[in-house]
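The structure under discussion appears below in the form of structure tokens.
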2 protein chains.
Amino acid sequence: MTHRPATASARSVDEYRDTVAALLAHLADRTPEQVPVPDALGRVLAADVNSPIDLPVFRNSAMDGYAVRATDVAVTPVTLPVAGVVAAGRPGTEVLPEGAAMKVMTGAPLPPGADCVVPVEDVQAGADRIVVERGRARGEFVREAGTDVRVGELVTRAGTVLAPRHIAALAAVGLPSVPVLSRLRAVCLTTGDELRPAGSVLAPGQIYNSNGIGLAAALRADGVDVLEIAHSTDDATVFAQVLRSAVAKADVVFTSGGVSKGDFEVVKEVLAPLGGTFGSVAVQPGGPQGYTVVDGVPVLSFPGNPVSTMVSYTVFARPVIRVLAGLPAPESRELPLLTPVRSPAGKRQFLRGLTSDDGVEVVSGPGSHLIAGMAWADALVDIPAEVTTLAAGATVRILML
Amino acid sequence: MTHRPATASARSVDEYRDTVAALLAHLADRTPEQVPVPDALGRVLAADVNSPIDLPVFRNSAMDGYAVRATDVAVTPVTLPVAGVVAAGRPGTEVLPEGAAMKVMTGAPLPPGADCVVPVEDVQAGADRIVVERGRARGEFVREAGTDVRVGELVTRAGTVLAPRHIAALAAVGLPSVPVLSRLRAVCLTTGDELRPAGSVLAPGQIYNSNGIGLAAALRADGVDVLEIAHSTDDATVFAQVLRSAVAKADVVFTSGGVSKGDFEVVKEVLAPLGGTFGSVAVQPGGPQGYTVVDGVPVLSFPGNPVSTMVSYTVFARPVIRVLAGLPAPESRELPLLTPVRSPAGKRQFLRGLTSDDGVEVVSGPGSHLIAGMAWADALVDIPAEVTTLAAGATVRILML
């Protein structure tokens, strides 16, 4: 028998997800930010917003037409003198004389005394008199003040992800700005002597660094403000310095690489002495995991294989990050499997799947280096730890990417 | 009988939507923009992107362990001398001697001569020799070059809305930037003497301007770059000047207000002599509509009631704007109606609805001023022109907001 202590003692995915949630829980207590309404699209309202005004602000005309008294147009046709014109934006304080009409534009204040509006299409208009061809009842084409929303009434509820329709309503009640959840500030910190930035010429043994860029994109898609994508070599002094800089400005720091069982595990080497916990989770990919609190700032350490980094974020951090950001939970549902799968015993496996109306197809191998393959997936296929084979047609749980 | 020429001759919603689509069709021909991969989240890829490299770039180890020849570990336990160490990032050109092992880290190049990796968990390691407790077959824990993607193979298809997984893959193949559809540039131009900016103290007859802010939010949600939210009084000279400035910089200009049958219709007054077409569409809200091409730039003129502006955009412009932006079409489906509705004959009506698992509930009155009410809706309920009443339980088509 092979000696596999790490697997035997590994935490479950659910245990580790709970650990991460507890580690980040204090980040729910952050001061809301006041943001101009035109810039608040997609932000999450931090408090109920009530209307500071009645809307409509004043009684006004719903049509271009003539403000009259309903009793004066009860019998038609009837000829009425035109006593004046009220344009939109005018104070509209002039009283409508008895037995007369006043021309009003849509949105213009209804003159005191008037109780309905005859649309322009329903009159024959002369220079100073009109023939009303169809009468109207009291209140017709009149918008009463406060019939859309009254002062003090709720306009948009706390927790709302602000869509264009909310922005329009908040603007209509005259609010220059609204309180929204402040974004979490994160730094992504990659490690590894072999990693080179995009556009470099690779020397033998080197690869391009995709972890920081991919992880930052995932965080941004979940409403996080990524302050920096930093990189450190495998030198402990360099890593410690980059880490200090990250912790000084971020609410949460993510590292990738340097956490497994090799000889050059700089993340573990620096963070374990600072109280970091490093160990295995019974999951594939993403087994080696670590977490540390440095100067009060949680540091989550993911393994460095590109797919491991992305899956670790998706499985362990994303659920709590989205809750903290005020965004809906990632979508999870059950689908029939379109391709048979095999999975190692004792490890929960997250395969890369592509969903369709028919079910979910596994579109890439299980290898944690297959990052180009992952681009063809839109979901992770969640294979429970105890399952080793599944036939096509079996029901599986998926987690949408 | 009432004389209603506008309604009698009005265009249908579908006709006017086609008119708008034709007016904007030339905007599909725009030069793609090259954007750094880390900034490309949510952008739409303008061309197929093929890999400039093999990925993995070179044959490497999938585990922290020992590179060996499979034939040397066919019988276990077996003791092998350790001929060296290959860290990730090292060139890895040193040949593995016959009958020996070389320590390798995950991602490190496999030494020439080695054909499998024994994970560190499967050996008893000494200073300069190891006891291998479990053998491995040729190829085990070896990642061959190009097995994720080969040079020249497709990484991400043209038209893809770039998600974090695409960003990670594009970074992994070393691309500093990718070609994406350039954003349409729009200016929103509101009109009306009665409109005041948020935060102002309103004089009698004045209201807050929500149209520009709401429309800009809707455009931004559809991937449009809104260069400016401008406002003009009802003075034709002022409007003409603001319009000229908008047309000089935008691909498309949206105006709101000033298009109906009143006395102060500045948009119509200025644009009709420039060749603008103004008339009625058989729709509620949003009946008066206009379009003009000014210096080659399409100008769409919506009516000024806040709900009319938002519904006009959603019904007439949004479908083509999203196609031009490379985004999926707005979602439309059929649902049971939870509330009975009445609708005017001869006009297609778009009511504000809130969807649930049970169906769609109408959540606001039909009035085109009920902009706060619209914030509670997540869909427009599409009532055909010929329908005047619908009972609860009837099937209706909805357009998600």
Worksheet item: In terms of heavy-atom proximity below 4.5 Å to chain A, should B:Ala216 be classed as side chain, backbone, both, or neither?
Response: neither
Practice prompt. Measure across A:Pro176 and B:Gly199 and return the closest heavy-atom pair with its distance rounded to 0.1 Å.
Written response: CG-CA, 3.9 Å
Can you give the donor-acceptor pairs under 3.5 Å from side chains of residues 162-174 of chain A to other protein atoms, not counting sequence neighbours?
residue: A:Arg165; atom: NE; partner: B:Ala377; partner atom: O; Å: 2.3
residue: A:Arg165; atom: NH2; partner: B:Ala377; partner atom: O; Å: 3.4
residue: A:His166; atom: ND1; partner: A:Ala163; partner atom: N; Å: 2.9
residue: A:His166; atom: NE2; partner: B:Ala375; partner atom: O; Å: 3.3

Discussion item. Heavy-atom pairs under 4.5 Å with chain B: which of A:Pro38, A:Ser364, A:Ala372 has the most?
Written reply: A:Ala372
Fill in: Heavy-atom closest pair, residues B:Leu370 and A:Thr147
CD2-O, 4.1 Å
Worksheet item: Residues of residues 58-65 of chain B under 4.5 Å from chain A (heavy atom pairs)?
Response: B:Phe58, B:Asp64
Worksheet item: Is any side-chain heavy atom of B:Trp376 closer than 4.5 Å to a side-chain heavy atom of A:Thr156?
Response: no
Discussion item. So, taking the atom named CG in A:Leu55 and the one named OG in B:Ser210, what distance separates them when rounded to the nearest 0.5 Å?
Written reply: 8.0 Å
Practice prompt. Report the option among A:Met374, A:His369, A:Met310 that has the most heavy-atom pairs separated by less than 4.5 Å from atoms of chain B.
Written response: A:His369
Worksheet item: What distance separates B:Leu219 CG from A:Leu41 CG, expressed to the nearest 0.5 Å?
Response: 10.5 Å
Fill in: Contacting region of A:Ala203 [heavy-atom separation from chain B under 4.5 Å]
neither
Fill in: Contact residues of residues 191-198 of chain A (partner chain B; heavy-atom separation under 4.5 angstrom)
A:Asp193, A:Glu194, A:Ala198
Worksheet item: Side chain, backbone, both or neither: which part of A:Asn305 has a heavy atom under 4.5 Å from chain B?
Response: side chain
Item to complete: Answer with side chain, backbone, both or neither: which region of A:Leu154 has an atom nearer than 4.5 Å to a non-hydrogen atom of chain B?
Response: both
Fill in: Under 4.5 Å from a heavy atom of chain B, the part of A:Pro109 involved
side chain
Fill in: Partner set under salt bridge (Lys or Arg N to Asp or Glu O under 4.0 Å) for A:Arg352, not counting sequence neighbours
none
Worksheet item: How long is the span from the CG atom in A:Leu175 to the OH atom in B:Tyr208, to the nearest 0.5 Å?
Response: 8.5 Å
Item to complete: Please examine the side chains of A:Ser368 and B:Arg143, heavy atoms only from C-beta on, and report whether any two atoms are closer than 4.5 Å.
Response: yes
